[in-house]
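The following block contains the structure, expressed as structure tokens.
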Amino acid sequence: MVETAEVVVVGGGIIGCAVTWQLANLLPAGTRIVLLDRGPIAGGTSGSCMGHLMVTPDDAREYAFTHESVRLWRELQEQQGGFDYNPTGALYLADTDEDAAMFPVLQQQFGACGDHADVLDRKQLRELEPGLAADLPGALFYPGDGVVLPMLACGAMLRAARQANPNVVVRPFTAVVGVDCDARGVSAVRTTPATIATRAVVNCCGVYAPELQRTLGGPPLPIVPRAGNLAITGHHVSPVRTQLLEISYLRFAHGAAKVDPTRTDDPGGHAVNMQPQSHGGCLIGSTRQFRGMDRTLNPALLRRSLQRAQRYAPGLAAAPIVRTWVGLRPYSLDKHPLIGPWPAVPGLWVAAGHEGLGISLAPITGRLLAEMFTGRPTTIDATAWLPARFGA
Amino acid sequence: MSEARVLHAEVGIVGAGPGGLAAAVELVRQGLSVLVLDEGQQPGGQIFRQLPPGAAALPGQEPPSHQAGHGLLAAATEHAVPVHHGATVWNVAPGRLWFEQHGQSWLLCCRHLVLATGAFDRCVPFPGWTLPGVTTAGALQVMVRGYGVVPGRRALVVGSGPLLLPTVATLHQAGVEVVAALEASSRWRALRALPAVLTNAARRREALWYARSLLRAGVRLRWGWTVFACEGDGRVQRAVIGKVDAEGNPRRGSERRLEVDVVGAGFGLVPSIELGQLLGCRTRYDAPRGGHCLEVDGQQGTSVAGVYAVGEACGVGGAEVAMAEGRLAAAAIVAAVRQTPIDAALRTRVAAERRAADAMLRAFAPLPGLHRLATDDTLVCRCEDVPLARARAAAALHGDSLRAIKVGCRAGMGPCQGRICGSSLQALATGRCDVVPDLPVAQVPGKPVRSATIVDAPEPPATA
Ligand SMILES: Cc1cc2nc3c(=O)[nH]c(=O)nc-3n(C[C@@H](O)[C@H](O)[C@H](O)COP(=O)(O)OP(=O)(O)OC[C@H]3O[C@@H](n4cnc5c(N)ncnc54)[C@H](O)[C@@H]3O)c2cc1C
Ligand SMILES: Cc1cc2nc3c(=O)[nH]c(=O)nc-3n(C[C@H](O)[C@H](O)[C@H](O)COP(=O)(O)OP(=O)(O)OC[C@H]3O[C@@H](n4cnc5c(N)ncnc54)[C@H](O)[C@@H]3O)c2cc1C
């Protein structure tokens, strides 16, 4: 007998897990939802990243998008827990007075969104984080951010999904090799062991989303990998307790790429991101470089980001580094994720391209996709993220 | 500033154990410039471990292998083999070794590399294995022979394979009463090692010496027994021991209790191959030799040109193997530099030593059933405090691979990077005891080093 499913979610990273979770919440209990990954659950980018839950106040739309998502993270924590959720808030740091001049700008942005952030002077900063360098000219503190351990969060989302709907099937090490269509659109998903008959497929393959989409023909998905080098210390040596980032981060992270992402000669850049871990260690990033699917370490970039981290937290110099690695951010060419139906192929849906914010944005992404899938009005206006904008 | 911290030698050797030292002595004898780097504070590596200067020597005779070690150490002194101690190699590239010493970041530039990085203890988790007083056989050797510490009064020695006997002998010499010595393999299985031992002179002498030392200690080796659990308030006070079947499965109902304050568990060794992996050297899986090993050709060359591996890094084999391979690697390097032929006797010697070692190890190959000793709340990863139940849940949800288990519960992510739990984690978490474990992915740093060491890593000079 052919296996059937109401919907097949392809990709068990944070996005696929969030989509599964939210579909399980909104589809009738008992609906068969199948989640497939060709590797482990959380074995791709979502197992090689940082876990900063970040609210970005660039404009009202971005704020609503990120803020609502971080709220959903708190809900998951209350309902499930077990993923090292830590509402530390975020400290934006400056090295120079020029950078410090950005504090009021960012503060005003939070204010314009009806939220607030505090500018800390030198003394207040030292009280909050005694491990930071004494000569720092202050910081901006935003209390709404947090930290999670993304791999464990994938597990928590799937537990929540199964509680809502016992017919959720999770299958790691099952690759999707093709999607079949008939006159009505998607008709089946071909996996390595067998074919699953289904009328709906959600592509949550992160940096591999274009690869899956290619099996269907049509215009390519506009997503390219953007590499990041990370380093983690041993336990109980983190000089900081708050999620920290350089304010200059805003100049080059997320939307702010100035290089041509489709080329591979990008020299790359870095801005410090330091994240306290539940075991008392510190996860240190973060670099950005377009260079294809290459996951080998870029030692020069890693050294520069560690050097910057030591400049902010001098105690880090003596902390043991136990491992380094590279993760690939799924960067969408217009800098915004793709969430919704892919109009060229009825039954095909996409949730991918979250670059450096996929952990933060996973719950809202799952929610919006599930709302569209079940024909409900969306929690927030989701037009800006519809894949149709790429002319599918 | 960093210019000053770049060193040069024709051959860089990692590890000052029997394999690395044997290679170094031979190379120096042939007039090549060599530098040996070792994390430890004294030369000798695991087996020829030296007491710190000034510490009182252990009473009693030494096994013949240690006497061979004295010969090697004397040769190293005589030929003034340069060894840097306290030097942790954390990154490698062909002709490059980056290391940390006394908190400083160094680079050694060389033309040939010899990896003699040895092995670490294989751990088999059982209830209570993380209690203070319970240690690996290797750690006990370090305590007693490296630091002169007397670990307790009444000891239980458990495990499998040739390392059990030195543990008993060392404890006895340190004045600890060895209450029992339990070998998990059956006597019948172990007999298969006998022909190999009897036909190899060094191994024959070694076995006889240990047989006599067991007699002196008044300890009888019990075959087909192992430890089921350790118990105690704050530290080990009792051990529960019992019988295992031919596969190592515990026979419930055979339990007995022993009052002990030290337990040394030696279930064999796992080759230390991270540096080879960072270089991209090919590996192969060989269960009796301890798992994933670096693959070498008939001259100890790895798949990467200019990189040689000797001793346990290419599979556990003991000191005689390591020394023979060290000499062969040295000869191969000399041959490459001087365009001279390699003495065929060196190769024959390596083959003979490996044959004997392999026969011995096959008789003590890891017993899959021992993975049934752990219970739901037994820690399987002590760095990250992961109990077995959580590792099982991770495998069930995230998948069966080592990486899936790792991301699913953090096991193997701590400071030891899976060196302690890696060899048993997958079998424990999946419940499939004889599964071939995945090769763990190695990353920089090969061993933990200070952040500043990575930041200050000297650049290779443009000309080198
Ligand atoms: C918040 C956080 C904290 C962490 N803390 C620690 C820690 O304390 N200690 C520690 O050792 N590790 C830690 N890790 C990292 C950890 O899970 C892995 O070590 C990390 O993913 C790097 O993996 P690796 O390169 O060593 O390869 P491995 O873990 O061995 O596996 C690599 C596998 O990933 C596959 N892969 C495929 N696509 C991708 C992709 N796009 N991105 C990534 N991988 C891909 C590769 O094909 C390969 O099979 C942490 C990760 C996170 C997210
Ligand atoms: C260094 C770094 C730091 C970061 N820090 C943060 C941060 O602090 N905060 C934040 O919000 N975000 C952060 N991010 C971004 C975030 O990690 C990503 O946006 C997010 O993980 C992407 O999730 P995903 O589910 O889309 O992709 P993935 O996690 O890569 O999941 C895709 C899955 O699809 C599977 N797959 C692919 N093809 C197939 C197929 N044919 N069949 C079956 N399965 C398939 C893959 O195996 C993979 O598991 C960071 C990223 C990096 C690299």
Side-chain angles (χ1 to χ4, degrees), chain A residues 12 37 39-44 46-48 82 84 149-152 154-155 158-159 162 170-174 229-235 237 277-279 281-282 284 295-297 299-300 302-311 313-326, chain B residues 2 88 90-91 93 96 98 100 103-105 274 278 280 381-386 390 393-419 438 440-460:
Chain A
D37 198 298
I41 299 299
S46 305
S48 332
D84 292 0
L149 195 64
M151 310 83 96
L152 299 188
C154 287
L158 295 182
R159 284 197 303 277
R162 281 171 163 172
V170 178
R171 219 169 272 161
F173 292 101
T174 309
N229 298 260
L230 295 177
I232 185 120
T233 70
H235 298 176
V237 293
Q277 303 286 293
S278 60
H279 54 53
C282 188
I284 304 154
R295 288 189 62 231
T296 51
L297 197 72
L302 178 79
R303 278 164 61 179
R304 267 158 45 204
S305 66
L306 285 177
Q307 190 168 30
R308 293 294 295 162
Q310 288 175 202
R311 186 271 173 267
L316 203 62
I321 299 295
V322 303
R323 194 172 177 94
T324 63
W325 67 89
V326 173
Chain B
S2 67
T88 303
W90 60 274
N91 196 11
R96 311 267 179 269
W98 282 271
E100 176 181 276
Q104 281 205 313
S105 197
E274 305 85 12
L278 289 178
C381 168
R382 52 197 303 180
C383 294
E384 300 286 343
D385 286 335
V386 181
R390 221 177 325 130
L397 185 67
H398 290 254
D400 276 357
S401 73
L402 190 60
R403 174 160 164 88
I405 298 162
K406 180 174 158 180
V407 295
C409 66
R410 294 195 58 99
M413 284 193 185
C416 91
Q417 286 289 300
R419 281 181 192 87
D438 296 341
V441 171
Q443 294 279 15
V444 168
K447 289 273 170 73
V449 288
R450 294 151 44 101
S451 171
T453 294
I454 299 177
V455 169
D456 299 339
E459 291 288 346

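So that the names make sense, note that chain A is the first sequence line, chain B the second, and so on, each numbered from 1. In this text, all values refer to a predicted model and were calculated from it rather than measured experimentally.
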Worksheet item: Do the side-chain N and O atoms of H235(A) and Q277(A) include a donor-acceptor pair separated by under 3.5 angstrom?
Response: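 The criterion, which ignores hydrogens and geometry beyond distance, is not satisfied for Q277(A) and H235(A).
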Worksheet item: Taking every heavy-atom pair that is under 4.5 Å apart, which of A42(A), G234(A), G12(A) has the most such pairs with chain B?
Response: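 Of A42(A), G234(A), G12(A), A42(A) has the most heavy-atom pairs under 4.5 Å with chain B.
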Worksheet entry | Which portion of D385(B) sits near chain A, non-hydrogen atoms under 4.5 angstrom |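 No part of it gets close to chain A.
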Worksheet item: Of all of L152(A), D37(A), V237(A), which one pairs up most often with chain B through heavy atoms under 4.5 Å apart?
Response: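 Between L152(A), D37(A), V237(A), the count favours L152(A).
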Worksheet item: Does I405(B) offer a backbone N or O that forms a donor-acceptor pair with the side chain of H398(B) under 3.5 Å?
Response: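 Absent.
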Worksheet item: Between V449(B) and E100(B), what is the shortest heavy-atom contact and its length?
Response: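 Looking at all heavy atoms of both residues, the shortest contact is CB-OE1, 3.4 Å.
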Practice prompt. Can you tell which part of C409(B) gets under 4.5 Å to a heavy atom of chain A, answering side chain, backbone, both or neither?
Written response: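 Only the backbone of C409(B) comes within 4.5 Å of chain A.
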Worksheet item: Relative to chain B, which segment of R308(A) carries a heavy atom at a distance below 4.5 Å: side chain, backbone, both, or neither?
Response: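 It is neither, since no heavy atom gets under 4.5 Å.
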Worksheet item: Who passes salt bridge (charged side-chain N to carboxylate O under 4.0 Å, His left out) against R304(A), sequence neighbours left out?
Response: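 Checked R304(A) against salt bridge (charged side-chain N to carboxylate O under 4.0 Å, His left out); zero matches.
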Worksheet item: Between R295(A) (side chain) and V326(A) (backbone), is there a donor-acceptor pair under 3.5 Å?
Response: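 Answer holds: yes.
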Worksheet item: Between the side chains of D84(A) and S278(A), does any donor sit under 3.5 Å from an acceptor?
Response: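 The criterion, which ignores hydrogens and geometry beyond distance, is satisfied for S278(A) and D84(A).
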Fill in: Which portion of Q310(A) sits near chain B, non-hydrogen atoms under 4.5 angstrom
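For Q310(A), the side chain is the part near chain B, not the backbone.
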Fill in: Part of A319(A) within contact of chain B (heavy atom distance under 4.5 Å)
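When you check distances to chain B, only backbone atoms of A319(A) fall under 4.5 Å.
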Worksheet item: So what's closer than 4.5 Å to chain B heavy atoms on L306(A): side chain, backbone, both or neither?
Response: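 Contact with chain B involves both backbone and side-chain atoms of L306(A).
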